[in-house]
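Below you'll find the structure, written out as structure tokens, and then a few comments.
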Amino acid sequence: MPDKEIKTDIAKLNDKQKQAVISTEKRLLVLAGAGSGKTKTLLQKIIYLIEEKNVSPANILAITFTKNAANEMIDRLIIASDDSQEYAGILANKNLSQKQKDVERYFFIKKYKWIDKLTLKTFHSLCYGIMRNFGVNEFDNKFKIVTDSKSISDEFTKYAAPETFFEIIHKILIENCEDTQYILNLKRYILDYFVDKIHIDNGKNYYLHRGKFYTSLNGTKVRSKSEQYIADWLFRHSIRFEYEPKVNFKDFDFRPDFFIPEANLYIEHVSNKSYPMQDKEKQFRIADKLLVKTFETQTKNSAIFNLVLERIIKNRLPATYHHATALSFEEEFKYYHKEISDFLRQTMRVIDMLKVENQKPEAVLKKSQKDPHERVRDFYKLAIPIVIKYKKYCTNKSYLDFNDMIIRTISLFKKRPEIAGKFKKKFKYILVDEFQDVNNLQVELIKLLLTEDTQLFCVGDDWQSIYGFRGSNVDYIINFNQYFKKSKIIKLSTNYRSTPNIVGASNQVIKNNKYKVEKRIKSLKISKSKIIVYAGKNLDENIDYALKQIKKLYEKGYRKEDILFLYRRSKMFSPYLEKFRQERLMVSAKTIHAAKGLEAKAVFIIGLTEGSGGFPDIWMEDRIYQVIKQSNHDLLLEEERRLFYVAMTRAKDELYLITEKGNESSFLSEIPDNFTLKTSIPFKSVIDEINYCPQCSQRIDESFVFCPYCGSRI
């Protein structure tokens with residue numbers, strides 16, 4: 001039996017919350033609008049099961065996404081049991097560090113045995129425990145955890161790998177570059193797409209580059225892909241060359257394309273862009289210099305062009321000339337560290353996507369080679385060997401990353417049904433928070449834990465699904481009944497957080513999304529306060545306005561923790577931060593993604609402009625990633641709109657939307673005028689004050705006493 005101190009408090013729930021808590025449905029989704037008490041409902045469900053239904057805490061599994069969210073839920077359960085209110089005082093004590101509070105949490109968990117017996121974990125923490133204790137047949141159960149940074153959550157610190165994700169694939173890349181062809185292909189890719197960016201219009205800055213947009217393998221800037229091919233061929237064969245050397249054999253200065261000193265040979269590459277050759281050729285004949293021409297038509301077939309270069313160059317080199325030299329990664333990329341890092345970050349993204357989307361590297365490589373774009377084909381030729389070696393390396397070193405922990409747990413359950421059976425028997429009640437954020441792997445894991453008798457209780461809001469870029473799939477919550485048969489949906493539609501105008505406006509914005517579950521959210525608050533939309537003529541005006549409003553809020557008794565600034569991208573806040581520091585106003589500020597789950601009395605959403613650098617900020621991912629998972633512009637716009645909805649609904653009492661005059665975000669036009677109060681500084685008139693004669697209507701100077709046209713007195 002649970003400790004007698006815990007309280008069910010069902011009477012304090014509204015009808016829909018109560019319905020969700022007492023429901024005995026085997027598959028239940030609680031669709032909870034912003035500020036509707038979803039976490040409260042989930043926690044009350046746990047308490048109800050233990051206190052009223054005599055369910056053993058050991059039979060309950062509650063899953064959330066972040067360690068902070070899990071700790072917050074535990075804190076609220078402790079407070080529900082702690083009549084002394086000692087623990088609430090510890091959490092509120094600003095003199096205690098977070099580490100000290102974590103220690104206190106541990107001791108209070110041990111004090112209340114019913115909480116200690118609960119399994120309340122993140123997906124990763126759950127799988128970590130399963131693999132550590134039961135995964136010996138699937139993987140080395142003494143595994144270490146590899147992450148993308150040296151810092152790692154405290155619960156995993158002891159088992160952190162000595163090298164990061166990036167360090168491992170960087171090491172693999174260097175090993176791959178021991179192969180001459182690989183290092184040459186990698187350098188060509190880096191130069192073309194990270195340095196020269198030839199896939200982007202190179203007509204810009206023509207004079208800055210002097211028409212030389214292409215970088216050869218030895219760093220020489222040349223004018224065309226064909227000339228780049230020649231320069232690269234010479235580099236690969238260790239043949240020294242000079243590009244466009246200035247010569248004067250007799251009559252005038254000119255620059256032939258290439259000079260090969262060891263062969264005493266000049267090469268002119270002829271294309272439809274070349275200048276007439278007759279005068280140049282005459283100069284070569286006068287000086288008795290050897291000139292050979294190559295032609296653009298020959299470059300259409302690389303095998304033929306190779307033979308041409310072999311014939312005209314190699315036979316003219318000394319017999320003792322060496323055609324091979326060792327290439328080193330350090331030497332070839334000593335000026336391109338950032339570009340190599342960018343390439344490896346792309347590869348890391350591909351590794352994560354392959355895991356979440358459950359796709360095989362070999363199949364993706366095959367698919368990529370059908371892409372019409374050379375850049376995409378070349379990327380996968382370079383990246384997939386790293387992907388394959390990364391998996392082998394991690395297995396050899398007994399490393400798992402966070403996706404691997406879920407993948408290996410899924411594999412363990414499939415291969416060893418008796419182990420899966422232990423958990424199915426143990427967890428008769430499975431509760432999942434923030435269900436709108438689940439990805440393919442997490443849903444597959446949940447399904448492997450279910451039996452027909454298991455109660456699955458999921459809480460989430462499709463309107464707040466904002467992690468598509470990280471692999472979450474909103475379809476699982478929108479079409480919940482397709483993934484979990486015979487399910488029921490309960491909608492929590494009362495917002496306890498925000499004013500009627502904030503709730504009404506956010507409802508109207510989200511209505512523009514087609515891909516959603518219909519809900520009618522209403523506010524329980526009584527307030528006529530309207531949303532302030534301010535449009536300054538420039539950024540400085542917006543910052544000044546924000547400063548004035550903050551000072552007014554302080555005068556009304558607001559504290560700094562009552563005010564929250566939100567933005568789409570961190571760089572939007574930098575100029576605000578600089579000015580606030582000068583004024584010694586240090587106000588809470590987060591990206592909207594980081595603010596999910598938070599609330600404040602007053603919220604300022606800045607950067608609400610249209611187009612690049614504004615909000616919505618629709619970022620169509622690189623075509624490279626489309627090989628694995630295609631992006632859809634309309635769906636990306638809908639996720640941006642959900643992000644705006646999340647930002648708006650963080651506000652409890654006051655909401656300020658900051659934009660720029662004449663460049664307002666399209667999202668602002670989706671808010672009906674009755675919810676807002678719009679304010680701005682008007683532009684000065686561009687029309688000068690004009691005086692007219694009242695009699696003849698002729699335009700006259702304002703200093704005139706009499707009209708020069710009709711003589712009338714003004």
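Computed from a prediction, not measured in an experiment: that's the story for all the values here. All residue numbers refer to positions in the sequence shown, counting from 1.
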*asked:* Using salt bridge (Lys or Arg N to Asp or Glu O under 4.0 Å), reason through K38 and D433 one step at a time and then give a plain yes or no.
replied: CA-CA 8 Å; K38 66 178 180 59; D433 194 21; 3.5 Å; yes
*Y515 versus D462, side-chain donor and acceptor atoms under 3.5 Å*: no
*May I ask you to check whether N507 and Y645 show a side-chain donor-acceptor distance below 3.5 Å?*
no
*Using a strict cut-off of less than 4.0 Å between a Lys/Arg side-chain nitrogen and an Asp/Glu carboxylate oxygen, indicate whether E583 and K551 qualify as a salt bridge.*
yes
*Does atom CD of E578 have more than 12 heavy-atom neighbours, drawn from other residues, nucleotides or ligands, at distances under 6.0 Å?*
no
*Are side-chain heavy atoms of D461 and K519 found at a separation under 4.5 Å?*
yes
*asked:* Does this structure show an ion pair linking E72 with R76, if we count only N-O contacts that are shorter than 4.0 Å?
replied: yes
*Between the side chains of Y87 and D75, does any donor sit under 3.5 Å from an acceptor?*
yes
*Where do A595 and L566 come nearest, in terms of heavy atoms and distance?*
CB-CD2, 3.4 Å
*In Å, rounded to the nearest 0.5 Å, how long is the span from CD1 of I592 to CD1 of I466?*
8.0 Å
_Using side-chain heavy atoms (C-beta onward) and a distance below 4.5 Å, is Y467 in contact with E639?_
no
*Dump the intermediate steps for salt bridge (Lys or Arg N to Asp or Glu O under 4.0 Å) on D352 and K355, then the final yes or no.*
CA-CA 5 Å; D352 280 338; K355 290 177 180 180; 5.6 Å; no
*Would you kindly check if the NZ (Lys) or CZ (Arg) of K26 is within the cone defined by 45 degrees around the ring axis of F484 and under 6.0 Å from the six-membered ring centre?*
no
*asked:* I'd like to know whether E664 forms a side chain to side chain contact (heavy atoms under 4.5 Å, CB included) with L608, so could you lay out the CA-CA distance, the side-chain angles of the two residues, the decisive distance to 0.1 Å, and finally the verdict.
replied: CA-CA 6 Å; E664 292 87 349; L608 283 167; over 6 Å; no
_Stepwise ring pair (Phe, Tyr, Trp, His ring centres under 6.0 Å) test for F435 and Y476_ = CA-CA 8 Å; F435 190 77; Y476 287 120; 7.2 Å; no
*So does K12 have more than 12 non-hydrogen atoms from other groups sitting under 6.0 Å from NZ?*
no
*asked:* Quick check on side-chain contact (heavy atoms from CB on, under 4.5 Å): which of V459, L492, I490 does T41 satisfy it with?
replied: L492
*Side-chain contact test, heavy atoms from C-beta onward, threshold under 4.5 Å: evaluate it for E654 versus V603 and give yes or no.*
no
*Check: F469 ring centre within less than 6.0 Å of H593 ring centre*: yes
_Lys/Arg N to Asp/Glu carboxylate O, D653 vs K525, below 4.0 Å_ = yes
*asked:* I need the minimum non-hydrogen distance between A20 and L28, along with the two atoms involved.
replied: O-CD2, 3.9 Å
*Within a reach of under 6.0 Å around CG of D15, are more than 12 heavy atoms found that belong to other residues, nucleotides or ligands?*
no
*K530 bridged to D673 by N-O distance under 4.0 Å*: no
*To the nearest 0.5 Å, tell me how far S665 OG sits from L657 CG.*
9.5 Å
*Measure from NZ or CZ of K590 to the centre of the six-membered ring of F565 and say whether it is under 6.0 Å with the direction within 45° of the ring axis.*
no
*For residues Q98 and D102, is any side-chain donor paired with an opposing acceptor at under 3.5 Å?*
yes
*Check whether any side-chain heavy atom of V438 lies under 4.5 Å from a side-chain heavy atom of S472, and answer yes or no.*
no
*asked:* Restricting to non-hydrogen atoms, name the atom on M648 and the atom on I502 that form the minimum distance, rounded to 0.1 Å.
replied: O-CG2, 3.5 Å
*Is it true that the side chains of S666 and E610 contain a donor and an acceptor less than 3.5 Å apart?*
yes
*Any Lys/Arg nitrogen of K548 or D544 sitting under 4.0 Å from an Asp/Glu carboxylate oxygen of the other?*
no
*Decide yes or no for P575 and L577: does some side-chain heavy atom of the first lie under 4.5 Å from some side-chain heavy atom of the second?*
no
*Do NZ/NE/NH1/NH2 and the carboxylate oxygens of R375 and D622 come within less than 4.0 Å?*
yes
*Got a sec: does the CD of Q85 have more than 12 other heavy atoms crowding it under 6.0 Å?*
no
_For a quick test of reading the model, state the closest non-hydrogen atom pair linking Q508 to E670 and the distance between them._
CB-O, 4.0 Å
*Examine the side chains of Q626 and S631 and answer whether a donor and an acceptor come within less than 3.5 Å of each other.*
yes
*Would you tell me whether Q436 and E434 have side-chain atoms, one donor and one acceptor, within less than 3.5 Å of each other?*
yes
*Roughly how far, to the nearest 0.5 Å, is the CD atom of E599 from the OG atom of S498?*
8.0 Å
*Nearest 0.5 Å, what's the CD1-NZ distance between I74 and K121?*
8.5 Å
_Salt-bridge contact E640-R568 (side-chain N to carboxylate O under 4.0 Å)_ = yes
*Checking salt bridge (Lys or Arg N to Asp or Glu O under 4.0 Å) for the pair E638/K516: CA distance, chi angles, key distance, verdict?*
CA-CA 9 Å; E638 292 206 354; K516 67 181 185 301; over 6 Å; no
*How many angstroms lie between atom CZ of F615 and atom OG1 of T609, to the nearest 0.5 angstrom?*
10.5 Å
*Heavy-atom side-chain proximity of K596 to R650 below 4.5 angstrom*: no
*Begin from the C-alpha positions of D148 and R345 and carry the test salt bridge (Lys or Arg N to Asp or Glu O under 4.0 Å) through to its verdict.*
CA-CA 10 Å; D148 190 23; R345 292 288 172 194; 2.8 Å; yes
*Side-chain contact test, heavy atoms from C-beta onward, threshold under 4.5 Å: evaluate it for L118 versus L77 and give yes or no.*
yes
*Answer yes if the side chains of N14 and Y496 hold a donor-acceptor pair under 3.5 Å, and no otherwise.*
yes
*Given Y545, which of Y534, F604, Y576 fulfils the ring pair (Phe, Tyr, Trp, His ring centres under 6.0 Å) condition?*
Y534
*Please name the pair of heavy atoms, one in N542 and one in G536, separated by the smallest distance, quoted to 0.1 Å.*
OD1-N, 3.0 Å
*Looking at L42, L13, I46, which hits side-chain contact (heavy atoms from CB on, under 4.5 Å) with V21?*
L13
*If we only count heavy atoms from C-beta on, is the Y625 to Q346 side-chain gap below 4.5 Å?*
yes
*side chain to side chain contact (heavy atoms under 4.5 Å, CB included) between L61 and L431: does it pass, once the steps are laid out?*
CA-CA 6 Å; L61 168 64; L431 300 87; over 6 Å; no
*Between V350 and I628, is a side chain to side chain contact (heavy atoms under 4.5 Å, CB included) present by the stated rule, with each step listed?*
CA-CA 8 Å; V350 163; I628 302 172; 3.8 Å; yes
_Minimal non-hydrogen separation, I671 against V509, with atom names_ = CG1-CG2, 3.6 Å
_Would you say NZ of K447 has more than 12 non-hydrogen atoms from neighbouring residues, nucleotides or ligands within 6.0 angstrom?_
yes
*At what distance, to the nearest 0.5 angstrom, does CZ of R559 lie from OG of S588?*
11.0 Å
_Between N439 and N473, is the side chain to side chain contact (heavy atoms under 4.5 Å, CB included) condition met? List the steps._
CA-CA 5 Å; N439 65 26; N473 186 347; 5.8 Å; no
